[in-house]
Novice: 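This is the structure I want to talk about, given as structure tokens.
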Protein chains: 2
Amino acid sequence: MATKTQTKTPRTERRMDALSKERIVEAAIKILDTDGESALTFRALAARLATGSGAIYWHVADKSELLAAATDEVVARVMTGVVSGAEPREAIRAIALGVFDAIDAHPWAGAQLFREPWRPAMLQILEGIGGRLRALGVPERAQFDAASALVNYVLGVAGQNAANARLVPPGTDRATFLGAVAARWAQLDPSEYSFVRQVATQLREHDDREQFLAGIDLILAGIGTLREDAR
Amino acid sequence: MATKTQTKTPRTERRMDALSKERIVEAAIKILDTDGESALTFRALAARLATGSGAIYWHVADKSELLAAATDEVVARVMTGVVSGAEPREAIRAIALGVFDAIDAHPWAGAQLFREPWRPAMLQILEGIGGRLRALGVPERAQFDAASALVNYVLGVAGQNAANARLVPPGTDRATFLGAVAARWAQLDPSEYSFVRQVATQLREHDDREQFLAGIDLILAGIGTLREDAR
DNA sequence: GACATGGATGGAACGCTGTTCCAATACCGC
DNA sequence: GCGGTATTGGAACAGCGTTCCATCCATGTC
């Protein structure tokens with residue numbers, strides 16, 4: 001319940017192995033990355049940090065905050081690396097790809113992006129994309145809708161990736177997984193699911209990353225049509 | 001572990017109050033709608049059905065399947081109501097709005113849409129949108145990407161709505177919630193989050209449903225640019 | 001009409017979780 | 001040194017999904 005009270009900045013380090021929110025989040029990210037979302041328990045975390053579960057609560061309010069902080073961390077790493085001088089269109093693609101790759105590397109973060117819309121992770125993505133839309137010359141009235149469309153698309157793909165990662169057994173690779181999904185789709189009733197069946201044949205050889213980028217370009221093309229008829 | 005073995009179709013009903021997957025899913029939906037996602041426990045479900053938690057497992061494999069089945073149910077209700085003869089563009093808007101409204105009414109389903117991509121809920125949405133894209137004359141090579149973009153956008157908004165519903169305290173209305181988010185956004189550092197701050201002022205009076213539709217139109221406009229340069 | 005069979009039921013029990021609580025410890029200003 | 005506060009570690013608690021199993025009862029057979 002009681003959270004860190006931050007009295008005075010201690011001039012000397014407490015201990016070499018002192019707990020801190022940073023160290024806890026770092027350990028959590030490692031557990032999440034290596035053993036998956038379900039492996040992150042306060043007991044496992046306490047064991048890795050060689051402490052008791054109660055001690056963690058001095059630095060972190062609850063598990064929800066821990067997951068949110070871990071997500072903020074991996075997203076922030078990506079957003080700081082985005083080039084700032086680039087052409088707006090390219091910058092948006094770079095931001096989107098950065099988030100995509102971050103979720104690809106840390107699938108557990110995908111589901112967490114949906115959390116509170118005032119968390120740094122979400123804010124940085126929205127600001128990064130929205131700022132570039134402004135630079136692109138999108139009419140001010142349309143900027144909010146356009147940014148919302150891009151962000152929601154990115155979130156959708158992120159959530160999808162997170163879900164897929166949860167589905168793929170740790171050993172198998174993604175080609176096998178896609179093959180399994182394609183096989184299921186191919187078995188559907190042709191009269192009811194003709195489009196899904198058609199797409200199933202393309203599913204095996206498609207590249208997630210390229211398709212994601214194609215979606216971004218599609219939305220950017222749609223945004224491009226706004227410039228002329230400034231309605 | 002053992003699931004229903006479906007020996008012979010019983011010619012007479014077992015009992016008036018016999019358990020069945022349909023009745024269980026129906027009860028689960030009611031609990032989810034009235035008391036939220038966290039209120040759905042096997043104990044609460046058993047109490048509502050006047051049985052024991054063990055009996056439910058005869059009809060439903062586990063909680064994950066129960067949630068998926070409940071989601072399939074609410075999505076199916078929406079998809080069957082979509083007009084079939086309409087102009088493709090309008091049909092896509094109708095499907096998207098149907099899903100949006102369904103998630104608005106049953107926010108818990110939003111997060112569930114990300115589950116296995118071979119569940120009826122996802123398949124029906126993909127087929128409904130993809131089929132209309134074909135009718136729209138989108139080049140076959142681009143149909144998969146275009147459908148993926150639209151579906152992922154819908155999923156993103158759905159997930160966002162689900163998250164927001166989890167955040168809003170049961171009593172308050174959405175205007176109050178939006179106001180609270182806007183207030184937080186307005187307090188951000190202007191040099192770092194100028195776009196988010198600008199958008200915060202529009203957040204209060206914006207309409208989620210309209211903005212969602214604007215996003216759909218944006219993507220459709222982008223898809224429209226594909227027709228000419230059939231590359 | 002009695003009987004055996006097996007699908008269906010309900011509730012106790014298990015292992016695990018997030019979280020709380022609290023005695024014990026480590027540290028710092030004096 | 002000492003006293004008090006910040007921090008720690010682990011036991012305890014309530015609640016969860018799930019499993020297990022003794023019991024029930026509708027049905028087909030004789």
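Basis for what follows: all heavy atoms, side chains included, without hydrogens, waters or symmetry-related copies. Here is the naming used below: chain letters follow the sequence lines, and residue numbers restart at 1 for every chain. None of the values given here were measured: they were computed from a predicted structure.
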Novice: In residues 24-39 of chain B, what residues come within less than 4.0 Å of DNA chain C, judged by heavy atoms?
Specialist: none

Novice: List for me each residue that meets salt bridge (Lys or Arg N to Asp or Glu O under 4.0 Å) alongside B:Asp33, sequence neighbours excluded, and say none if there are none.
Specialist: none

Novice: So what does A:Leu66 hit on the nucleic acid, given a heavy-atom distance under 4.0 Å: a base, only sugar-phosphate, or nothing?
Specialist: nothing

Novice: With a 4.0 Å cutoff (strictly under), does any side-chain N or O of A:His59 reach OP1 or OP2 of D:dT8?
Specialist: yes

Novice: Would you mind reading off the distance between A:Arg23 atom CZ and D:dT7 atom C1', rounded to a whole angstrom?
Specialist: 14 Å

Novice: List the atom pairs, donor and acceptor, that lie under 3.5 Å between side-chain atoms in residues 176-184 of chain B and the rest of the protein, sequence neighbours left out.
Specialist:
residue, atom, partner, partner atom, Å
B:Thr176, OG1, B:Asp173, OD1, 2.3

Novice: Calculate the interatomic distance between A:Tyr57 atom OH and C:dT20 atom P; express it in whole Å.
Specialist: 7 Å

Novice: With a 4.0 Å cut-off on heavy atoms, is A:Ala50 in touch with a base, just the backbone sugar-phosphate, or nothing at all?
Specialist: sugar-phosphate

Novice: Considering only distance and modelled atom types, tabulate donor-acceptor pairs under 3.5 Å from the side chains of residues 188-196 of chain B, sequence neighbours left out.
Specialist:
residue, atom, partner, partner atom, Å
B:Asp189, OD1, B:Ser191, N, 3.0
B:Asp189, OD1, B:Ser191, OG, 3.1
B:Asp189, OD2, B:Ser191, OG, 3.1
B:Ser194, OG, A:Arg134, NH2, 2.3

Novice: Round to the nearest Å and state the distance from B:Lys63 atom NZ to D:dT19 atom C1'.
Specialist: 17 Å

Novice: Among C:dT9, D:dG17, D:dT8, find the nucleotide with the atom closest to the side chain of B:Ala55.
Specialist: C:dT9

Novice: Below 4.0 angstrom from OP1 or OP2 of C:dA8, is there any side-chain N or O of B:Trp58?
Specialist: yes

Novice: Ion pair present between B:Arg197 and A:Glu127, side-chain N to carboxylate O less than 4.0 angstrom?
Specialist: no

Novice: Specify the closest pair of heavy atoms between A:Ala186 and A:Ala200, including all atoms of both residues, with the distance to one decimal.
Specialist: N-CB, 4.2 Å

Novice: Testing the 3.5 Å rule here: is there a donor-acceptor pair between the side chains of B:Ser38 and B:Arg166?
Specialist: no

Novice: How would you label the contact of A:Leu45 with the nucleic acid (heavy atoms, under 4.0 Å): base, sugar-phosphate, or nothing?
Specialist: nothing

Novice: Are the charged groups of A:Lys21 and A:Glu65 less than 4.0 angstrom apart, N to O?
Specialist: yes

Novice: Quick one: salt bridge (Lys or Arg N to Asp or Glu O under 4.0 Å) partners of A:Glu26, sequence neighbours excluded?
Specialist: A:Lys30

Novice: Whole-Å distance between D:dT19 C1' and B:Phe42 CZ?
Specialist: 12 Å

Novice: Nearest-Å distance, CD1 (B:Ile56) to P (C:dG7)?
Specialist: 20 Å

Novice: Taking atom C1' of C:dA26 as reference, at what distance in whole Å does atom CG of A:Leu19 sit?
Specialist: 13 Å

Novice: Expressed in angstrom and rounded to an integer, what is the separation of B:Asp62 atom CG from D:dT19 atom P?
Specialist: 8 Å

Novice: Enumerate the protein-to-nucleotides 11-14 of chain D contacts in which both atoms are nitrogen or oxygen and the separation is below 3.5 Å.
Specialist:
none

Novice: Looking at A:Phe212 versus A:Phe100, is the centre-to-centre ring distance below 6.0 Å?
Specialist: yes

